[in-house]
Q: 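First the structure, then my questions, so here it is.
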Amino acid sequence: MTFMNFVTGLPAMLLCLIVQTAVAFWCVRHYVSHLPQVGSGQRFLVGMRPLIVATLAMLGGTLVQIMLWGLLFLWLGEFEQAYDAIYHSAVNFSSLGYGDIVMTRAHRLLGPLEAVNGVLMLGMSAATLMAIVQHMVTLLNEARPKEGPGGRMP
């Protein structure tokens, strides 16, 4: 039973990794293609738009992964309704762990596998967004006028 849970869960984890990597690379490419807007002195939201878009894309990627796990649970016959499967998946993926819905013993180990997968994927989202923010801070610091000796502008 344990082995079959790993055989079932591992492809789902790999599929989530593919989705997460694709979204992360798209976010970085989107950010890089909009670099002239960042730190250009334009309106605040114009400079922040690449970060906002990246955040929304990461959120979308997370929701897709939650739905993939939910569809797996439906396919395995653990749930009769998509809402329950996706709800259970979201609770697992976010490692919230309410425990109000528990799968049958045959597939129960998939919950912790999804939680481990979710923690890793959410960490990857956070790392991607943090890299973008750090680069934005660097650009903003470089664009700021430099002070000369004694705190005066040159």
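Residue numbers run from 1 in the order of the sequence given. This structure is a prediction, so every number in the text was calculated from the model and none was measured.
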Q: When clusters are formed by joining ILVMFWY residues with side-chain heavy atoms under 4.5 Å apart, either directly or through shared neighbours, do Phe93 and Val102 land in the same one?
A: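 Cluster IDs for Phe93 and Val102 differ.
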Q: For a 4.5 angstrom cut-off between non-hydrogen side-chain atoms, does Met124 reach Thr21?
A: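 Heavy-atom side-chain distance check passes, below 4.5 Å.
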Q: Roughly how far, to the nearest 0.5 Å, is the CG atom of Leu10 from the CG atom of Leu15?
A: 11.5 Å
Q: With a 4.5 Å heavy-atom cut-off, do Val53 and Trp26 have their side chains touching?
A: yes
Q: Could you tell me the separation between the OG atom of Ser95 and the CG atom of Leu122, rounded to the nearest 0.5 Å?
A: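 One gets 7.5 Å once the value is rounded to the nearest 0.5 Å.
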Q: Please check if any side-chain donor atom of Tyr98 sits under 3.5 Å from a side-chain acceptor atom of His88, or the reverse.
A: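 No - no donor-acceptor pair under 3.5 Å links their side chains.
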Q: So Asn117 and Trp69, do their side chains get closer than 4.5 Å, heavy atoms only?
A: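 In short, these two side chains touch, coming nearer than 4.5 Å.
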Q: Are Leu68 and Val91 linked, directly or through other ILVMFWY residues, by side chains that come within less than 4.5 angstrom of each other?
A: no
Q: Using every non-hydrogen atom in the two residues, find where Ala54 and Cys27 come nearest and quote the distance to one decimal.
A: O-SG, 3.5 Å
Q: Can you tell me how far apart CG (Leu71) and OG (Ser89) are? Round to the nearest 0.5 Å.
A: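 One finds 9.0 Å between CG of Leu71 and OG of Ser89.
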Q: For the residue pair Asn92 and Gly111, what are the closest heavy atoms and their distance?
A: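 Result for this residue pair: ND2-CA, 3.5 Å.
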Q: Contact between Leu110 and Glu114 at the side-chain level, heavy atoms closer than 4.5 Å - yes or no?
A: no
Q: Taking the side chain as everything from C-beta on, heavy atoms only, tell me whether His34 gets closer than 4.5 Å to Arg49.
A: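 In short, these two side chains do not touch, never coming nearer than 4.5 Å.
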Q: Taking side chain to side chain donor-acceptor pair (under 3.5 Å) as the test, write out the residues that go with Thr62, two or more places apart.
A: none
Q: How far apart are the closest heavy atoms of Gln20 and Ser125, and which atoms are they?
A: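 Taking every non-hydrogen atom into account, NE2-OG, 2.8 Å.
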Q: Report yes if some heavy atom in the side chain of His107 is under 4.5 Å from a heavy atom in the side chain of Phe73; otherwise report no.
A: no
Q: Kindly indicate whether the side chain of Thr8, heavy atoms from C-beta on, has any atom under 4.5 Å from the side chain of Phe3.
A: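 Side-chain contact under 4.5 Å: no.
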Q: Linking I/L/V/M/F/W/Y whenever their side-chain heavy atoms sit closer than 4.5 Å, directly or via other members, would Leu51 and Leu56 fall into one cluster?
A: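 Looking at the clustering, Leu56 is in the same group as Leu51.
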Q: Do the ring planes of Tyr87 and Tyr83 sit parallel (below 30°), tilted (30 to 60°) or perpendicular (above 60°)?
A: parallel
Q: What heavy-atom pair brings Val23 and Gly61 nearest, and what distance separates the two atoms?
A: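 Heavy atoms only, the tightest pair is CG2-CA, 4.1 Å.
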Q: As an exercise, state the distance from CE of Met103 to CG of Leu76, rounded to the nearest 0.5 Å.
A: 8.0 Å
Q: Identify the heavy atoms of Phe6 and Pro11 that sit nearest to each other, and give their distance.
A: O-CD, 4.3 Å
Q: Give the minimum heavy-atom separation between Thr104 and Glu78, together with the two atoms involved.
A: OG1-OE2, 2.5 Å
Q: Can you spot which of Gln65, Met58, Met13 makes a side-chain contact (heavy atoms from CB on, under 4.5 Å) with Met121?
A: Gln65
Q: When rounded to the nearest 0.5 angstrom, what distance separates CE in Met136 from CD1 in Ile132?
A: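 CD1 of Ile132 is found 8.5 Å from CE of Met136.
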Q: Kindly work out whether a path of hydrophobic side-chain contacts (I/L/V/M/F/W/Y, heavy atoms less than 4.5 Å apart) joins Leu129 to Phe25.
A: no
Q: Same hydrophobic cluster for Leu17 and Val119, using side-chain heavy-atom links shorter than 4.5 Å among ILVMFWY?
A: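 No; Val119 is not reachable from Leu17 via cluster members.
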Q: Given side-chain contact (heavy atoms from CB on, under 4.5 Å), test Ile101 with Phe79 step by step and report yes or no.
A: CA-CA 10 Å; Ile101 299 176; Phe79 299 97; 3.3 Å; yes
Q: Just jot down the side chain to side chain donor-acceptor pair (under 3.5 Å) partners of Thr128, sequence neighbours excluded, or say none.
A: none
